Amino acid sequence: MVLTYVIKNSLYINLTNHCTNRCNFCIRDHGTGIFAQLKLEKEPTMDDVLAELRSQNLYKYNEIVFCGYGEPTCRLYDVLTLCRYIRELTDTPIRINTNGHASLILGEDTAPMFKGLVDTVSISMNAADADTYYKLCHPKFGEDTYVGVLKFARDVSRYVPSVVLTVVEGTIPPEDIERCRSIAEELGAGFRVREYE
Ligand code: SF4
């Protein structure tokens, strides 16, 4: 079971395969190489993950990233506990790659929980409007999910130093990518076009 992996000197933590989206482009089920190995036989316990982190020199990495494949905030309380553990050992920046559903999952405003624990929240906005998002990502929270994702982006930007909105190259038209870029700018967030893996 692969609980951590390294890309470009960043340590990625594979905490869960659960997700509240079913994106058309998700590689959970058909990824190759390292991504195929990220399929978890079972959800790791906190003891499993802490043992894995204790075996690592956390301070040697440029960044520690909660990623998956799966949605880390499906286990938000565990993510935050692990962030506290990491923070006690090192100042290495912490990033969470998320679909932005944390507050929808827990049914409350989760943004303040990230304060002081997370340096960067990278949110997959994936589309420039709610309808396209719904058709592309099939969120379990329904057609208004996109509104919730942008709200979370706005909310969490008050508590963490950096918020980045992302889209996946080739999954929406170029003009939509530019609309996404404008939305990110309006929110005061960074913007990144991710390569389709
Ligand atoms: S949000 Fe990420 S993990 Fe979830 S279905 Fe979409 S691509 Fe896959």
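Start at 1 and go down the list; that is how both ligands and their atoms are numbered. Predicted, not measured: the structure shown is a model, and the values here were computed from it. Numbers here simply count residues along the sequence, with the first being 1.
- Between the side chains of Glu71 and Thr20, no donor-acceptor pair is found at a separation under 3.5 Å.
- Counting only heavy atoms, the protein never gets under 4.0 Å from atom 2 (Fe) of ligand 1.
- Closest to atom 6 (Fe) of ligand 1, if we only count protein heavy atoms, is Cys23 SG, 2.3 Å.
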Working for side chain to side chain contact (heavy atoms under 4.5 Å, CB included), residues Cys23 and Leu136: CA-CA 6 Å; Cys23 301; Leu136 196 60; 6.0 Å; no

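- Counting protein heavy atoms only, atom 8 (Fe) of ligand 1 is closest to Cys26 SG, 2.4 Å.
- Using a 30° and 60° split on the angle between ring planes, Tyr12 and Tyr5 fall in the parallel class, below 30°.
- Ring centers of Phe152 and His101: at least 6.0 Å apart, outside the cut-off.
- Given atom 4 (Fe) of ligand 1, the protein heavy atom at minimum distance is Cys19 SG, 2.3 Å.
- Between Leu40 and the choices Asp48, Val2, Asn17, Leu15, the side-chain contact (heavy atoms from CB on, under 4.5 Å) rule is met once, by Asn17.
- Applying the 4.0 Å criterion to heavy atoms of Gly70 picks out, from ligand 1, the atoms 3 (S).
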